[in-house]
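The chains referred to below are lettered A, B, ... by the order of the sequence lines, with proteins before strands, and numbering in each begins at 1.
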There are 2 protein chains.
Amino acid sequence: MTENVTTTGAGGVQSVERAFDLLEVIAASGGEAMLSELATATGLALPTIHRLLRTLVATGYVRQLANRRYVLGPGLIRLGEGASRQLGALARTHLATLVQQLGETANMAVLDGDRVLYAAQVPSRHSMRMFTEVGRRAHLHDTGVGKAILAQLTDAAVRSLVTAAGMPAATTMSITTPDALLQDLGLIRSRGYAIDDNEQEIGVRCFAMSVPNAPTPTAISVSGPVSRVDEAFGTRAVPLLRAAAEAISHDLNRAP
Amino acid sequence: MTENVTTTGAGGVQSVERAFDLLEVIAASGGEAMLSELATATGLALPTIHRLLRTLVATGYVRQLANRRYVLGPGLIRLGEGASRQLGALARTHLATLVQQLGETANMAVLDGDRVLYAAQVPSRHSMRMFTEVGRRAHLHDTGVGKAILAQLTDAAVRSLVTAAGMPAATTMSITTPDALLQDLGLIRSRGYAIDDNEQEIGVRCFAMSVPNAPTPTAISVSGPVSRVDEAFGTRAVPLLRAAAEAISHDLNRAP
DNA sequence: AATAATAGTTCCACTATACGGAAACTTCGC
DNA sequence: GCGAAGTTTCCGTATAGTGGAACTATTATT
């Protein structure tokens, strides 16, 4: 058998790769980009970009403004929601196991710009329900999942994200400065999990852990009232969280 | 010269169109599809589909399960969120004008499968806040924006959507049967706007109107407590809603 | 207001690129 | 374990996409 020496493409369809590159560049440019910007960013010839964008505009995945600027189109919303639902479905079984084992609500969230987006949740049986809902966004600095995700990034990236999003104090326990946050992230990195201790909402505590090797930075958590979610709970929860995170990671990366 | 039988549209990049067709088919199949299903749905040859999907898998927009089944990948979440944010940014100025004119919270939502997805919101100054948040999904049959969107569709499409989603009664005022819903939609079509009168939440009333010529079915609304949002409010609100909907429509199809 | 400069779009010949028939391979049902 | 259905690789072919050059629209400059 000959070894596959093909470099980047490896049998990939060139125009499709390029079309998605363009979408990613537009998304990275704050959702709006000019043709020439795209040319310098991708290194492609202008007519090539123009033709690809024309196709995307015709299919509704890109809109063109009167400025001639290009922005991400509404067609992507549908696909994104579908993908989000899909990711949630994958995680749900594992989250349900956590709920069964621990009796508290389990969540999964992904990094979405400078926020976390809740992609899946399995509520506990307890009548004290969480307000978090799938599709909702929250701050990175005051949530367990947010801090677990940030702990995977470099300090520079963390500073950039939290300055973009701001660090409002949801409660008196919230971390409100980048330096204090980075210190907590160091602790999170060393012990392998994050704690949100009344930081997002008084009376709620949360243990969170990142999902390794996820295509998009992802984390899971279990949360509940401080009366039930205490130190002893954490001792039980952390190994189970780790197992769930690894199971989700495994499912995400299942190879053919 | 062979006759050009393909009506793919002028100047579109074939492989890109096909790649997105595949994504749409996967999304329509509940987010999970087999290669052969995609072949019958699109009419493409198996190796062609396989090559396109391989590209999408390599770039993270599609995942392949151990089943060999293909599902929408997490890469689409980022793009979808970007597109959603973009749409929201466009609408926000117009919604802010509505809030300034009427003093109540203004929303914009798009059709997302069998639900509405809130894409933008400008809250009112009143301390009585709405629970709706950007990114949240709601039912079609019991929200003003949902009914405004449904009123644009055919009766058959409406029945299909509400049977897919179900019609749970959020309040005692909620519409719970397709026939009653279609009757209300007839009223909405004739007068040009929708009213949610305590249907989603007791004490909340809402005036909503569809955004014409939107690439994805879209509607805007103003909502608030019944004490303030009464008949007199509606008289003032409807022309302003219409102006805002037309302004958004104009922006969507032309300028920034 | 006129002109220059820059950005965007159309055209077209070339060939690299993606296509799909056929065959090898893998998984699933029995 | 065998047959069938589904999936992936291979490879010759021609179609479909590419990008240089020319042209048009838009914005900046004088």
Side-chain angles (χ1 to χ4, degrees), chain A residues 1-23 25-26 29 32-59 61-71 73 251 254-256, chain B residues 1-23 25-26 29 32-59 61-71 73 253-256:
Chain A
M1 293 298 169
T2 55
E3 203 72 16
N4 197 351
V5 281
T6 37
T7 53
T8 51
V13 178
Q14 191 185 57
S15 0
V16 174
E17 285 172 354
R18 290 175 168 184
F20 277 99
D21 277 355
L22 289 174
L23 291 176
V25 171
I26 295 173
S29 314
E32 190 174 324
M34 291 201 300
L35 191 55
S36 47
E37 289 179 296
L38 295 171
T40 53
T42 60
L44 297 174
L46 284 171
T48 302
I49 297 173
H50 183 256
R51 191 166 357 88
L52 290 168
L53 284 175
R54 174 138 46 106
T55 308
L56 293 171
V57 169
T59 46
Y61 301 109
V62 166
R63 285 193 312 114
Q64 183 166 206
L65 306 176
N67 301 344
R68 317 253 157 164
R69 286 200 170 83
Y70 293 92
V71 299
D251 281 7
R254 275 191 290 198
Chain B
M1 273 304 197
T2 56
E3 213 148 323
N4 194 355
V5 279
T6 49
T7 54
T8 47
V13 177
Q14 192 186 57
S15 5
V16 175
E17 284 172 354
R18 289 176 168 184
F20 277 100
D21 277 355
L22 289 173
L23 291 175
V25 171
I26 295 173
S29 313
E32 189 173 324
M34 292 201 302
L35 192 55
S36 47
E37 290 178 296
L38 295 172
T40 54
T42 59
L44 298 174
L46 284 172
T48 303
I49 296 174
H50 183 258
R51 192 166 355 91
L52 290 169
L53 285 174
R54 174 139 46 105
T55 308
L56 293 171
V57 169
T59 46
Y61 301 108
V62 167
R63 291 198 357 261
Q64 183 166 208
L65 306 177
N67 306 342
R68 316 246 154 174
R69 284 201 171 82
Y70 293 92
V71 299
N253 298 310
R254 277 197 168 185

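Residues B:A41 and B:V25 share a closest heavy-atom pair of CB-CG1, 3.8 Å.
With hydrogens and angles disregarded, no donor-acceptor distance shorter than 3.5 Å links the side chain of A:S15 to the backbone of B:V16. A:T42 places a side-chain N or O within donor-acceptor distance of the main-chain N or O of A:L38, the cut-off being under 3.5 Å.
An angle of 60°, rounded to 10°, separates the two end axes of the helix from C:dA1-D:dT30 to C:dC30-D:dG1, each defined over five pairs.
In this structure, the side chains of B:R18 and B:L44 come closer than 4.5 Å at one or more pairs of heavy atoms. A heavy-atom distance below 4.5 Å is not found between the side chains of B:Y70 and B:L22.
Rounded to whole angstrom, the span from the CG atom of A:L44 across to the P atom of D:dG20 amounts to 11 Å. Atoms CZ (A:R51) and C1' (D:dT15) sit 14 Å apart, rounded to a whole Å.
Between the CD1 atom in A:I26 and the CE atom in A:M34 there is a gap of 12.5 Å [rounded to 0.5 Å]. Put simply, CZ on B:R69 and CG on B:L35 are 12.0 Å apart, with the number rounded to the nearest 0.5 Å. To the nearest 0.5 Å, atom CZ of residue A:F20 and atom CG of residue B:L56 are 5.5 Å apart.
Proximity of A:T48 to the phosphate of D:dT18: no side-chain N or O atom is located under 4.0 Å from OP1 or OP2.
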Would you list the protein and nucleotides 7-11 of chain C atom pairs, both N or O, that sit under 3.5 Å from each other?
from, atom 1, to, atom 2, distance (Å)
C:dG8, OP1, A:L35, N, 3.4
C:dG8, OP2, A:S36, N, 2.8
C:dG8, OP2, A:S36, OG, 3.2
C:dT9, OP1, A:Q64, OE1, 3.2
C:dT9, OP2, A:H50, NE2, 3.1
C:dT9, OP2, A:Y70, OH, 3.1
C:dT9, O5', A:H50, NE2, 3.1

Output one line per pair: protein atom, nucleotide atom from nucleotides 13-17 of chain C, and distance, for all N/O pairs under 3.5 Å.
from, atom 1, to, atom 2, distance (Å)
C:dT17, OP1, A:Q14, NE2, 3.3

Quick one: do A:E17 and B:T59 satisfy side-chain contact (heavy atoms from CB on, under 4.5 Å)? Show the steps, please.
-> CA-CA 7 Å; A:E17 285 172 354; B:T59 46; 4.3 Å; yes
A:V71 and A:V62: side-chain contact (heavy atoms from CB on, under 4.5 Å), yes or no, with the steps?
-> CA-CA 6 Å; A:V71 299; A:V62 166; 5.9 Å; no
